[in-house]
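Working notes for the structure below.
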Amino acid sequence: MKAMIVAPQPVAVEAGFEVLRGGGNAVDAAVTCALVQGVVSPHMCGVGGYAVVTLSPGGGAPVFLDGPALAGSLVTPEMWQDRLLRPSPNGWSYFLKGRVNDIGHTSVCTPGTVKLLATLLERYGTLDWEQAIAPAVRVAEEGFTVGQQLAAGWRARRPFPEATSLLERILSNEEARRIYLMADGRAPDEADTIHNPDYGATLRRLAEAGPDDFYHGELAGRMARDLGTNGSFVTAGDLAGYALQEPPVVTGSYRGVEVASAASPHGGPTLVATLNILEHFDLAALEHNSAEYIHLVAMAMKAAFSDRNLHLGDSAFHEVPLEWMIGKDRAAEWAAHIRRGDPITVSFTPSGPPDTTTLSVVDGAGTWLNLTHSLGSSSGVITPGLGFMYNNSMTNFHPLPGHPNSIAPGKGRTSGMAPTILSRDGEPFMTVGAPGSTQIITGVLQVVLNVLDFGMGIQEAVYAPRFDCQGESIRCQARIPEYICAEVARLHPIARTPYSHGAFGLVHAIARDPASGRLSGGADTGAGGMALGLKVQVRD
């Protein structure tokens, strides 16, 4: 294969593939795919959300672009300190009285997805903005078939009494009810069709007026009036002043392989730190997913999260000791700590909801990229007539002042997003990313280990059973046998989940075979995605 795209939503993958087949490059395909994803995954992503991308344009040095969701200018650090109920047991947020950080207008942060996609296309793409938007317009207007994952999300109950289900997000907003509920008032099932002509009209407006309309024009005005009328902290000034962020890509190395990933406050530093720790151990000498292997890798995860949760935050507001966190010296200290069997303490910090999505693309000209974008778990809010849902990223801030991830105007909150590119001698050979909150980090980590330490092909590496450790317990998929878990339990608490696939970051990746140069794609079996490859060269 000379070009390839992989993502969790087949209709979006095919839209991106058609761009490649028509002569477009990886960035053209990625932007097209991402816009379609926003239509067919309404709680996971869209123009009301945020996005990050790591790319190696033309096989050159990796770069990172960040379109974060930023707290509105009307927030204050202390505004919710008297509303705290408790941290969410699943680590995704804090529960507050009235769920003000989780649902409704007060949960919305200033969106960045449009700015990132437009900038990415302008700098590195070959398609016009209107051409990239056209497939998403068509899907919104003609309708899309509800898949198993989306239907199951609407059927799912609250995991905890203080939490909010996806269906409750729809029910909370008149526009959302009108668009997403069936004529008889029920949530759609698999194979039902959803039409969203309002979203299509918004996308047409963006195509005709340009992406700046979202921040300065007619769309911005309609958004600002709705948000302001309903108590949001986001203002017209926040939209007009929004700027893309371009921090240096986080880099590291693992067994001679170069690693490039997302900058702070995202998941790249924690991924690199975990790899640094594991470089001190001969993983290939262990049986894959044996008790010894699971315990060792889990302790490296736990160590890296111990540093992350104490120190990671938006570097524009907080001095992040990045060089120390991802340094080889710190990794050596943690490796010695693990060898001694000393306990590792991890403080709590919200990690963000798992309702995110990803895509990876490689083209024949040598551009590699992973783009990860999200709405958090969505606010439920849709401005009348616009059709798209806003993010609920206020849920990911620490509600008490004085923490690196505390609330402040214009601040971005921590996330687990970790779009990653691996290279040998400066030449990319693998791109990988995932949705799944901070389980993105541990999911991407294990796929990297499966390829580099165990020589797996990319689909096998993505398919292999996974586990996660960020605190007091190791959690694993049900495909890891109980007898293995019993051995691990002698050293550390461990629990099997009811999930055989998914629930641990839906990793999607592309890799190039070093001998043949052939591209292969890996789509996580916990979702409905796929990989499509092009056998002929795309145009220059």
Side-chain angles (χ1 to χ4, degrees), residues 31-32 34-51 67-74 104-122 127-141 173-176 178-180 195-244 373-376 378-393 410:
V31 173
T32 301
L35 289 163
V36 174
Q37 287 176 313
V39 175
V40 301
S41 293
H43 293 285
M44 292 187 176
C45 59
V47 297
Y50 51 97
L70 301 178
S73 57
L74 300 182
H105 289 77
T106 54
S107 70
V108 177
C109 286
T110 310
T113 293
V114 171
K115 181 75 75 172
L116 182 136
L117 295 180
T119 303
L120 183 64
L121 190 66
E122 180 182 4
L127 286 184
D128 293 335
W129 176 241
E130 298 92 329
Q131 292 175 295
I133 290 178
V137 173
R138 184 175 63 253
V139 173
E141 293 179 344
N173 182 270
E174 182 178 351
E175 287 289 285
R178 179 177 64 82
I179 294 168
Y180 290 110
H195 298 85
N196 193 345
D198 288 352
Y199 202 160
T202 293
L203 293 170
R204 284 186 184 277
R205 173 68 190 177
L206 282 174
E208 295 165 1
D212 280 350
D213 196 69
F214 192 87
Y215 297 97
H216 302 278
E218 176 188 314
L219 286 175
R222 294 175 68 180
M223 292 160 59
R225 285 191 294 274
D226 177 47
L227 293 170
T229 299
N230 291 283
S232 173
F233 303 107
V234 175
T235 68
D238 295 328
L239 291 167
Y242 188 90
L244 192 71
H373 56 134
S374 184
L375 295 178
S378 72
S379 62
V381 175
I382 298 177
T383 293
L386 297 189
F388 66 86
M389 209 172 291
Y390 294 95
N391 68 82
N392 69 334
S393 291

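Sequence positions, counted from 1, serve as the residue numbers for this chain.
- Counting only distance, with no hydrogens or angles, the side chain of Asn391 and the backbone of Leu375 share no donor-acceptor pair below 3.5 Å.
- Listed here is the closest heavy atom pair of Ala176 and Ile382: CA-CD1, 3.7 Å.
- Interatomic distance, Ile179 CD1 to Glu174 CD, rounded to the nearest 0.5 Å: 10.5 Å.
- For the residue pair Gly380 and Asn173, the shortest heavy atom distance occurs at O-CB, 3.0 Å.
- Annotation: side chain of Asp198 is in contact with side chain of Arg178 (closest heavy-atom distance under 4.5 Å).
- At distances below 3.5 Å, at least one donor-acceptor pair connects side-chain atoms of Trp129 with backbone N or O atoms of Leu206.
- Below 30°, between 30° and 60°, or above 60°: for Tyr242 and Tyr215 the angle between ring planes is below 30°, a parallel geometry.
- No donor-acceptor pair closer than 3.5 Å links the side chain of Asp128 to the backbone N or O of Glu130.
- Within the model, atoms CG of Leu219 and OG1 of Thr383 stand 10.0 Å from one another, a figure rounded to the nearest 0.5 Å.
- For Thr113, there are no side chain to side chain donor-acceptor pair (under 3.5 Å) partners at least two apart in sequence or on another chain.
- Note that the NE2 atom of His43 and the OG atom of Ser374 stand 12.5 Å from one another [nearest 0.5 Å].
- Within the structure, every pair that satisfies the salt bridge (Lys or Arg N to Asp or Glu O under 4.0 Å) test and touches residues 202-215, not counting sequence neighbours, is listed here: Glu141-Arg204, Arg205-Asp213, Arg205-Glu218.
- Here the CD1-CG distance, from Ile133 to Leu35, works out to 6.0 Å after rounding to the nearest 0.5 Å.
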From CA spacing to verdict: side chain to side chain contact (heavy atoms under 4.5 Å, CB included), Tyr199, Val47: CA-CA 10 Å; Tyr199 202 160; Val47 297; 3.8 Å; yes
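- To the nearest 0.5 Å, atoms OH (Tyr50) and CG (Leu116) are separated by 13.0 Å.
- Between the side chains of Tyr390 and Ser107, no donor-acceptor pair is found at a separation under 3.5 Å.
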Intermediate values then yes/no, side chain to side chain contact (heavy atoms under 4.5 Å, CB included), His105 and Leu227: CA-CA 6 Å; His105 289 77; Leu227 293 170; 4.0 Å; yes
Derivation and outcome, side chain to side chain contact (heavy atoms under 4.5 Å, CB included), residues Leu203 and Val39: CA-CA 10 Å; Leu203 293 170; Val39 175; 4.2 Å; yes
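- Counting heavy atoms from C-beta on, the side chains of Met389 and Tyr180 come closer than 4.5 Å.
- In plain terms, the two heavy atoms of Cys45 and His373 that are nearest each other are CB-ND1, 3.4 Å.
- Smallest separation of non-hydrogen atoms from Val108 and Val234: O-CG2, 3.5 Å.
- Listed here is the closest heavy atom pair of Pro135 and Thr32: CG-CG2, 3.6 Å.
- Closest approach of Leu70 and Cys109 over heavy atoms only: O-CB, 3.2 Å.
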Side chain to side chain contact (heavy atoms under 4.5 Å, CB included) between Val381 and Asp226, intermediate numbers included: CA-CA 10 Å; Val381 175; Asp226 177 47; 4.2 Å; yes
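- By the 4.5 Å heavy-atom criterion applied to side chains, Pro111 and Leu239 are counted as neighbours.
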